[in-house]
Colleague: 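Dumping the structure here so I can ask a few things about it.
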There are 2 protein chains.
Amino acid sequence: MSEIDILPRDFQSLKARIIERGPALPKRLTQVATYALEHPDEIAFGTVASIAVEADVQPSTLVRFSQAMGYQGFSELQEVFRSRLRDRILNYEERIEQLRQHALSASKSHVIFQGFTEAAEKSINALQEKLEPKKLDRAVEILSKAETIYLLGLRRSFPITTYMSYAFGKLGVRNVLIDAIGGLAQEELGFAAKRDAVLAISFTPYASETVALAQAAAARNVPIVAVTDSGFSPLASLAETWFEVAEANFEGFRSMAATLSLAMTLTVAVAEMRGRRP
Amino acid sequence: MSEIDILPRDFQSLKARIIERGPALPKRLTQVATYALEHPDEIAFGTVASIAVEADVQPSTLVRFSQAMGYQGFSELQEVFRSRLRDRILNYEERIEQLRQHALSASKSHVIFQGFTEAAEKSINALQEKLEPKKLDRAVEILSKAETIYLLGLRRSFPITTYMSYAFGKLGVRNVLIDAIGGLAQEELGFAAKRDAVLAISFTPYASETVALAQAAAARNVPIVAVTDSGFSPLASLAETWFEVAEANFEGFRSMAATLSLAMTLTVAVAEMRGRRP
DNA sequence: TCACTGGTGGAATAATTGTTCTATTTTCTT
DNA sequence: AAGAAAATAGAACAATTATTCCACCAGTGA
């Protein structure tokens with residue numbers, strides 16, 4: 001029992017310790033614990049006096065708190081809070097700037113590469129913030145109930161449906177990829193019925209064939225899940241549920257990163273829901 | 001001329017001022033300017049005494065430097081350096097943790113989504129760090145010299161080649177997408193000659209057909225650019241130049257985000273090089 | 001060579017720092 | 001309800017803080 005416990009030197013483990021021991025501490029020390037977790041920057045930059053005022057405790061309380069966490073004094077604890085800021089990765093602006101500087105010495109193709117990766121990250125972040133879990137659940141529900149999933153996406157969206165078809169195949173989920181080979185798209189979708197479902201993907205300018213096919217399917221009461229880029233999309237009104245994916249672009253070329261992430265999610269989530277993973 | 005200049009309150013503008021005025025300053029102050037830009041964290045956290053030692057100047061020099069930048073004293077300047085750290089966005093670990101917490105209340109499909117976006121970001125970051133600009137330039141050179149670009153990637157890689165074929169088409173770059181329809185892959189690649197080029201994409205487990213087709217092309221001296229996931233890949237030895245793309249995976253499903261970014265880069269860079277953008 | 005200027009190093013200073021100590025209050029136990 | 005223990009507030013402390021000041025130095029133009 002007399003084992004010497006290692007005192008946290010990085011913020012992550014100190015945070016864990018505060019959360020663990022905090023609630024069991026005396027009143028004023030709990031107060032400090034709460035404040036510390038809520039205002040880590042203040043602890044990092046402030047002085048004992050200034051923090052004491054902010055947290056509404058006595059300076060000595062801060063020292064006692066530090067000692068309760070295992071440190072000799074406040075300064076030692078503060079050092080850990082400072083390390084959190086020290087080791088941070090560069091912020092967005094700095095990263096961009098660094099890229100720009102690199103770009104000066106780098107080739108044109110490298111600049112293009114940076115542009116596309118930047119667009120990809122932006123798109124993904126935007127979708128992360130915007131995606132509504134409820135819509136996702138609804139889409140997964142519809143698709144996993146379907147006997148056969150028809151994957152409809154032409155032109156720019158075709159790579160996405162192609163990938164989904166590949167992954168669904170691996171996962172044992174019955175699907176039909178509408179590839180419009182031989183102009184037979186209409187026929188490929190011909191057997192789609194109410195017990196099935198269509199996943200339709202299209203972005204501006206909406207490929208007229210995709211829209212027409214989706215309309216035909218909707219007319220036959222086939223449930224439709226859509227992935228598109230705005231509420232004005234003709235697909236949005238046809239669909240049971242739909243996703244708005246705004247892809248950032250570089251030199252007019254839209255990233256497909258966010259759409260691809262969403263497609264992979266739908267694929268795996270549907271397979272899991274069916275409990276049929278081979 | 002007696003216009004009052006606004007003193008920088010954010011790091012970005014202070015940095016600009018240091019760069020602007022720095023070189024014109026006296027010797028010791030230039031020394032401080034250099035140190036400040038190279039060790040901003042030290043300025044933010046250190047004391048006048050400690051920084052003076054590190055930068056090998058007198059404490060008073062730091063105060064004089066601060067005044068030369070327009071501030072009343074060192075403390076005022078330090079505050080700007082601290083603001084840089086205060087306003088930083090969450091670091092990677094914190095972001096992950098935040099996602100995890102969200103995940104507790106979210107649905108399973110949302111967790112999957114987070115997994116895939118995380119994998120995508122990781123893959124992209126990894127490629128950003130690893131990609132050698134020289135290889136990129138070499139690949140662009142080979143492909144842009146080609147009369148026809150043959151896009152070879154089956155199974156998991158097929159969505160990528162499909163996208164490239166679409167984009168190349170838009171950009172007016174002659175290309176052939178090997179889609180192996182009707183088992184005619186061999187024939188599709190049959191006309192590839194030395195004046196053309198093959199872009200081959202394959203990841204473990206390397207589709208045997210892709211490897212065989214690439215070998216056949218290499219035997220006929222068609223230049224090959226490969227995208228694969230390790231130096232042990234059979235494609236690596238066949239290629240004039242090749243890219244190693246390590247995609248992070250989630251539940252065994254590899255992200256395609258990095259590969260896609262690289263593919264888009266190659267596409268646009270080749271088109272630019274040819275100067276044939278419509 | 002000389003005075004003069006701007007720049008520098010280093011000591012002096014007053015304020016503020018983190019920590020310690022103790023009287024007092026609060027909390028718990030019996 | 002009374003005593004013991006723990007927790008707290010606040011003053012006291014030495015150490016360290018940023019800043020100021022002044023003697024000295026190097027370079028410049030007369």
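The chains referred to below are lettered A, B, ... by the order of the sequence lines, with proteins before strands, and numbering in each begins at 1.
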Colleague: Figure out the NZ/C1' separation between A:K27 and C:dT26, and round it to whole Å.
Modeller: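 That distance rounds to 9 Å.
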Colleague: Under 4.0 Å between any heavy atoms, over every strand shown, what does A:Q67 touch: base, sugar-phosphate, or nothing? Just pick one.
Modeller: sugar-phosphate
Colleague: Could you tell me whether the side chains of A:R28 and A:Q31 share a donor-acceptor contact shorter than 3.5 Å?
Modeller: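 Judged by distance alone, the side chains do pair up.
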Colleague: Evaluate side-chain contact (heavy atoms from CB on, under 4.5 Å) for A:Y163 paired with B:I160, printing each intermediate quantity in order.
Modeller: CA-CA 9 Å; A:Y163 181 81; B:I160 306 293; over 6 Å; no
Colleague: Just the rounded figure in Å: distance from C1' of D:dT8 to CD of A:Q31.
Modeller: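 Value for this atom pair: 12 Å.
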Colleague: Rounding to a whole Å, what distance do you find between B:F45:CZ and D:dT17:P?
Modeller: 16 Å
Colleague: Rounding to an integer number of Å, can you tell me how far A:E76 CD sits from C:dT17 P?
Modeller: 20 Å
Colleague: What is the distance, rounded to the nearest whole Å, between atom CD1 of A:I51 and atom C1' of C:dG18?
Modeller: 11 Å
Colleague: Taking only N and O in the side chain of B:R64, is any of them less than 4.0 Å away from OP1 or OP2 of C:dG7?
Modeller: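 Indeed not, no polar side-chain atom of B:R64 lies that close.
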Colleague: Salt bridge or not between B:D229 and B:R254? Use side-chain N to carboxylate O under 4.0 Å.
Modeller: yes
Colleague: Among the nucleotides D:dT8, C:dT17, D:dA18, which one has an atom lying closest to any side-chain atom of A:A49?
Modeller: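 The answer is C:dT17, which lies nearest to the side chain.
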Colleague: Contact class for A:S60 vs. all strands (heavy atom < 4.0 Å): base, sugar-phosphate, or nothing?
Modeller: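 The answer is base, as A:S60 lies within the cut-off (heavy atoms under 4.0 Å) of a base atom.
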Colleague: Round to a whole Å and report the spacing from CD of B:E79 to C1' of D:dA18.
Modeller: 14 Å
Colleague: Rounding to an integer number of Å, can you tell me how far B:F65 CZ sits from D:dA18 C1'?
Modeller: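 The answer, rounded to whole Å, is 17 Å.
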Colleague: Can you measure B:R28 atom CZ to C:dG10 atom C1' for me and round it to whole angstrom units?
Modeller: 13 Å
Colleague: Do any side-chain nitrogens or oxygens of A:Q58 fall under 4.0 Å of OP1 or OP2 in D:dT8?
Modeller: no
Colleague: Think A:T61 has a side-chain N or O under 4.0 angstrom from the OP1 or OP2 of D:dA7?
Modeller: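 False: A:T61 side-chain N/O out of range (4.0 Å or more) of D:dA7 OP1/OP2.
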Colleague: Does the side chain of B:F74 reach to within under 4.5 Å of the side chain of B:F65, using non-hydrogen atoms?
Modeller: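 They are not in side-chain contact.
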Colleague: Under 4.0 Å between a Lys/Arg side-chain N and an Asp/Glu carboxylate O for B:D137 and A:K108?
Modeller: no
Colleague: If you only use heavy atoms from C-beta on, which nucleotide in D:dA18, D:dT8, C:dG18 is closest to the side chain of A:P26?
Modeller: D:dT8
